[in-house]
Amino acid sequence: MTTAAEPRPAELPLPGGKERATVRLHPLLAGRALAPAAALLRESGRLAWRRALGLGVGKDAWMPIPIQAFLVEHPGAGLVLIDSGLHPSVAVKPSENFGRVTLLAFRDLQMDAGQALPAQLRERGLDPSAVKTVVMTHLHVDHASGISEFPGATFLVSRAEWDAAADQGATHGYVTRQFDHAFDYRLLDFEGAVREGAGSARTGATASLVVSFSGFGRSFDVFGDGSVRVVYTPGHTLGHMSVVLRTARGEVLVAGDAMYLRRTLDDTHLPYRMEDEHVFRRSLREIRRYADETPDALIIPGHDWEAWQELDAVY
Ligand SMILES: [Zn+2]
């Protein structure tokens, strides 16, 4: 249940698109935590569920995970964020913003005050209030925690994700108070009719329509210039989306939690928990098709510490 938020349908493209625009992409580390290895890569057997919850497992059965967000600089649309990082209070008292139930999934959650996204923006000489658009891959607690820090932004969320987050609550990884603000939430309806052939992938002429894009069955072109596309990758949550960016160095897919780890894409080793495994597998196949069609693209998984460490400061 939400009370303050009154989301409205998104009207795309958002202003600021520029023909052949490229964006600068800055991966940001919002925090880190430990997660049970058996949650990231599921195990079989009678005790798999216990191990996935980290019950009765040794210290070496926990893996470090990055909590990521991304700053995108668009030449016409200004500053864009992908996900919101962690609320500043998490540095002091995580249970206040996360809630006790959802905090159970994150052991040893670590965040410095300087890792809150407004602080990271200021550090780069940028004004946090200049962030016009925040693209939410999904509304899980470790992605939506910092939403309150951007009251002036337009938040793009898939309609299915909004409905799931508003209905499902803490046992599914959502904390309503993180996103229940009277902010400008705009819902993307990926489940609406796909116009066959309406958008040949890279023309950018059909921004307001759901179109297929390079392996992905459903996408929107956020600014109408092909520089920032959201692609529908549900399964981890019911309305998860990933983001394809065109940078001067090539395309980048911010996969979000459609894959926690690179390994899940490489060998289909699934995580323990998915809202919808069938749909998760379909999204993974679409990401694989995208990777095949765009072999030079950088694919950034949601919570892969090794992959995180290999990232450059800017693309
Ligand atoms: Zn998630």
Side-chain angles (χ1 to χ4, degrees), residues 27-42 52-54 63-70 81-87 90 94 97-99 101-107 109 111 117 134-147 155-158 160-179 190 230-243 253-265 269-277 279-284 287 299-305 307-308:
L28 306 176
L29 185 65
R32 51 150 283 170
L34 295 176
L40 303 176
L41 297 168
R42 75 179 177 191
L53 292 173
M63 289 168 67
I65 57 166
I67 295 169
Q68 307 174 139
F70 298 84
L81 291 175
I82 301 172
D83 292 339
S84 67
L86 299 177
H87 188 271
V90 174
N97 178 264
F98 266 48
V101 174
T102 45
L103 191 58
L104 291 174
F106 304 88
R107 183 174 287 192
L109 179 57
M111 174 209 187
L117 298 199
V134 184
V135 178
M136 296 300 302
T137 59
H138 62 309
L139 293 172
H140 269 167
V141 65
D142 53 325
H143 298 256
S145 175
I147 283 179
F155 289 80
L156 293 179
V157 189
S158 89
E161 184 64 16
W162 184 272
D163 291 345
D167 291 347
Q168 290 181 325
T171 54
H172 292 257
Y174 299 112
V175 172
T176 310
R177 66 175 171 278
Q178 287 183 343
F179 55 86
F190 288 97
V230 288
V231 295
Y232 200 39
T233 51
H236 170 69
T237 59
L238 295 179
H240 189 278
M241 62 189 189
S242 305
V243 189
L253 171 64
V254 172
D257 291 357
M259 47 192 272
Y260 289 143
L261 305 178
R262 175 75 207 192
R263 186 168 158 193
T264 296
L265 182 64
H269 195 143
L270 300 182
Y272 177 72
R273 182 168 175 167
M274 295 152 278
E275 282 297 334
D276 186 326
E277 180 175 329
V279 172
F280 187 98
R281 287 178 182 276
R282 187 187 71 195
S283 295
L284 206 54
I287 294 174
I299 297 178
I300 305 178
H303 292 291
D304 187 322
W305 190 256
W308 166 260

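The structure displayed is predicted, hence computed values, not measured ones. Just so you know, ligand 1 is whichever comes first in the structure, and atom 1 is the first atom listed for that ligand.
H143 and H138 have tilted rings, their planes meeting at an angle from 30° to 60° on a 0 to 90° scale.
Among protein atoms, those of element N, O or S found less than 2.8 Å away from the Zn ion (ligand 1) are H138 NE2, H140 ND1, H236 NE2, D257 OD2.
With sequence neighbours excluded, no residue forms a side chain to side chain donor-acceptor pair (under 3.5 Å) with Y260. Partners of R32 according to the salt bridge (Lys or Arg N to Asp or Glu O under 4.0 Å) rule, which considers only residues two or more places apart in sequence or in another chain, do not exist here. Under the rule for a ring pair (Phe, Tyr, Trp, His ring centres under 6.0 Å), the partners of F98 that lie at least two apart in sequence or sit in another chain are F106.
For the residue pair E161 / Y232, no side-chain donor-acceptor distance below 3.5 Å is found, with atom types taken as modelled.
Side-chain contact between L109 and V90 is present, with at least one heavy-atom pair separated by less than 4.5 Å.
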